[in-house]
Amino acid sequence: MRSHTCGELRKSHVGQRVQLCGWVDTVRDHGGVIFIDLRDRYGVTQVIFDPRDSQEAWDRAQGSRGEYVIRIEGTVEPRPADMANPKLATGEIEVRSNTITVLNRSATPPFPLDDEEAAKVSEDLRMAYRYLDLRRPQMQKNMRYRHEMVQAIRVYLDRAGFTDIETPMMTKSTPEGARDYLVPSRILPGTFYALPQSPQQYKQLLMLAGFDRYYQVARCFRDEDLRADRQPEFTQIDMELSFVTPEDIYGIIDGLLAIIMKAAGHGEIALPLPRMKYDDAMNRFGSDKPDVRFGMEMTDVSDVFAGTQLKVFAGVLAKGGVVKALNAKGQGNTSLSVMDDWTAMAKDAGLGGLAYIRVSPEGEWKSPIAKFLSEGERQGLTKKLGMQPGDLVMFGADKLATVNTALGRIRLIAGEAAGLIDPKKFAFTWVTDFPLFERNDEGELQAMHHPFTSPHAEDLAFLDSDPLRVRAQAYDIVLNGVELGGGSIRIHDPELQARMFKILGIPTAEIEDRFGHLIRAFGYGAPPHGGIALGLDRLIMLMVGGESIRDVIAFPKTQKAMDLMMNAPARVDAKQLRDVHIRLDLPVENPATGPASG
RNA sequence: GGGGACGUAGCUCAAUUGGUUAGAGUACCAGAUUGUCGAUCUGGGUGUUGCGGGUUCGAGUCCCGUCGUCCCCGCCA
């Protein structure tokens, strides 16, 4: 139907007879001559209709409206030099047309389809008409980027000897971790499949099967609450390798990320990517996914306050807590109302409050705590924090973990407020040596990563005596404060795996029921192996500078996990429920509300 | 589950202390217009103020409930 796309005609095509197809972007009717900007995913070309060329074509052009689908035939002509449009790649030419076919008409779109206007439109409307939203150049670009990056990843991994293997979407629920999406079985009444939270066990079994290097662009499902960077279904670049150390994984991912940065047009990055131990990440940045685009690290000032008159700090230190500080350089003029907001945030994060000192340009310390500070403490703080006139210093005092987390959050918003975060910068870091276990709310041990994660060999001695001290061979890759992915070296020894389950307090019968297949498999010669999974949506989001992974997913869900275009989830027929042996037990208060079937 | 922001024309927004017929830009429709490219000019308001209830002489505005979207906390091995 077409000889060219709407993005490719140049001066070199002048004189050629061409056929173009696309959507009407705009119609400019001058009474005589009519201009139509014709758009497809490749670009925009100006088409000119003159009644002297063809009255019939002119009539149809005049009747065309935005988003009509048309096909035109015409001759490529140069534009007079002063009428070229530098905003268009095709701006030096136009197509003089005497033939136009309206392939399809369009209703008036419910919102403007140009990027600038659409950015202001409420997101629910864009989602309800996602197919129109996707017509916008920005969304076309995002989807195209996504495609190109996945292509680059596949080529890279193929060359590195990886095999792409699909694993089941209908699998078995594993009660740890996230809530599962369940699929009822019709054939076996009362039983359910679960959609995979990740292909974790399958990929480990593939190592056992001898597939050496596996990868998959894997869809994963987690029934948890949504965020800007979390969707109930998302995509991972999932991989697993046999006979590897963490170094091997770092090397492969470093190379992969370098390729992706290049494919996204962000140039070369220095390799190897920087690394940081988990403890350092927590102590310096207060996060296991530190944003290392800027400094403003935490400093432990407990020693400065060793004999302090300040009761709050003294009390914390007496109980074995710490006092840590952030110096927001040059932010001494931060308003009290902002400080109130940040204090509320600190309290929300578990601190009793947020002590702070605003240093005036003259060097005067303006602070509710200033009068309690001794000269020695003043000097100690000045020296240790490099305090200068105009600085803002904030303190957190509590248990180490609480202070770290709370000040870590304050660091991010204070850094943002101070304009320290360069949105064009890409700062990667590995975070290594995660703890193997953590305590949950009930005080029980649970696996920080997952129960198949291998402990550090040198920490094995503490596995029973001091499990919280045991480090895992687990690692995350972080970009600009976003967790891009994580993985670990797995346990391949069935005895150690059984020991892990025991330490985690999983009863023997339950181990057999939930993991018996895995332990049995590991009894048949499991190679040492490890892997990693990268969140593809987050990666693409960061590469295209998006605010949310919804920007890089063609058909995302809302915060209530609804698809506003399909109207999913929806009710189903009683017969469908009977087939899968399900009887509904709905809350009584408002049975009429909720998503209607449709 | 909790905290916060928002909901008025197709879209983005305005509307004084609760006060007359709810406006503007844009889109849309009609007409004019032969070099525009955010075309221009003239004319046209197309509205269940998300929904339900309440207070009031009178509600877009106040109160209660509810629905929806977004951000954050919890949650996400």
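Since the structure is predicted, the reported quantities are computational estimates derived from the model, not experimental observations. Throughout, a chain's letter reflects where its sequence line sits, starting with A, and its residues are numbered from 1.
- B:rG35 atom P lies 10 Å from atom CD1 of A:I48, rounded to whole Å.
- A:T453 comes within 4.0 angstrom of no nucleic acid atom, judged by non-hydrogen atoms across all strands.
- In this structure B:rU56 sits in no base pair that meets the Watson-Crick or G-U test at under 3.5 Å.
- Residue contacts shown for A:L125 are limited to sugar-phosphate atoms, with no base heavy atom under 4.0 Å away.
- On a pure distance criterion of 3.5 Å, a polar donor-acceptor pair joins the side chain of A:R96 and the base of B:rG35.
- Put simply, A:S122 has no side-chain N or O that comes within less than 4.0 Å of OP1 or OP2 on B:rC6.
- The distance from atom CZ of A:R227 to atom C1' of B:rU69 is 16 Å, rounded to the nearest whole Å.
- Side-chain to base pairing of A:D114 with B:rG38: no donor and acceptor N or O lie closer than 3.5 Å to each other.
- When rounded to the nearest whole Å, the span between CZ of A:R409 and P of B:rC71 equals 17 Å.
- Nucleotide B:rG68 forms a pair with B:rC6, judged by Watson-Crick or G-U wobble geometry with both contacts under 3.5 Å.
- In this model, a side-chain donor or acceptor of A:E94 finds a partner on the base of B:rG35 within 3.5 Å.
- Atom CG in A:D124 sits about 19 Å away from atom P in B:rA5, given to the nearest Å.
- Spacing between atom CG of A:D37 and atom P of B:rG38 amounts to 9 Å, rounded to whole angstrom units.
- Evaluation of atom-type donor-acceptor distances gives a pair under 3.5 Å for the side chain of A:Q46 against the base of B:rU36.
- Judged by atom type and distance alone, A:R230 reaches the base of B:rC75 through a side-chain donor-acceptor pair under 3.5 Å.
- At least one side-chain nitrogen or oxygen of A:R28 sits closer than 4.0 Å to the OP1 or OP2 atom of B:rA39.
- Atom CG of A:L564 is separated from atom P of B:rC67 by 16 Å (rounded to the nearest Å).
- At a threshold of 4.0 angstrom between heavy atoms, the contacts of A:A349 with the nucleic acid are absent.
- A:D459 pairs by the salt bridge (charged side-chain N to carboxylate O under 4.0 Å, His left out) definition with A:R471, not counting sequence neighbours.
- At a threshold of 4.0 angstrom between heavy atoms, the contacts of A:D223 with the nucleic acid are absent.
- Using a 4.0 Å heavy-atom distance criterion, A:Q559 is classed as a base contact.
- Looking at A:R79, its side chain comes within 3.5 Å of the base of B:rC37 through a donor and an acceptor atom.
- No hydrogens or angles considered: a donor-acceptor pair under 3.5 Å links the side chains of A:Q46 and A:R28.
- In the set B:rU36, B:rU34, B:rC11, the nucleotide with an atom closest to the side chain of A:R52 is B:rU34.
- Taking the charged nitrogens against the carboxylate oxygens, A:E117 and A:R136 have no contact shorter than 4.0 Å, which rules out a salt bridge.
- For A:R130 and A:F555, the positive end is not near the middle of the six-membered ring at less than 6.0 Å and at most 45° from its axis.
- Checking A:Q216 against A:Y214 by side-chain atom types alone, a donor-acceptor pair falls below 3.5 Å.
- For the OP1/OP2 pair of B:rC71 and a distance below 4.0 Å, the side-chain nitrogens and oxygens of A:R550 include at least one atom meeting the criterion.
- An OP1 or OP2 oxygen of B:rC37 is reached within less than 4.0 angstrom by no side-chain nitrogen or oxygen of A:T26.
- Aromatic stacking of A:F35 on B:rU36: satisfied, with centres closer than 5.5 Å and planes within an angle under 30 degrees.
- Nucleic acid contact for A:E116: none, since no nucleic acid atom lies under 4.0 Å from a heavy atom of the residue.
- Residue A:W342 contributes atom CH2, which lies 17 Å from atom P of B:rC73 at whole-angstrom precision.
- Within the 4.0 Å cut-off from OP1 or OP2 of B:rG68, at least one side-chain nitrogen or oxygen of A:K560 is found.
- The side chain of A:K120 contributes no N or O atom lying less than 4.0 Å from OP1 or OP2 of B:rU26.
- What separates CG of A:D348 from C1' of B:rG4 is a distance of 11 Å, to the nearest Å.
- Across all strands, A:M448 comes closer than 4.0 Å only to sugar-phosphate atoms, never to a base (heavy-atom distances).
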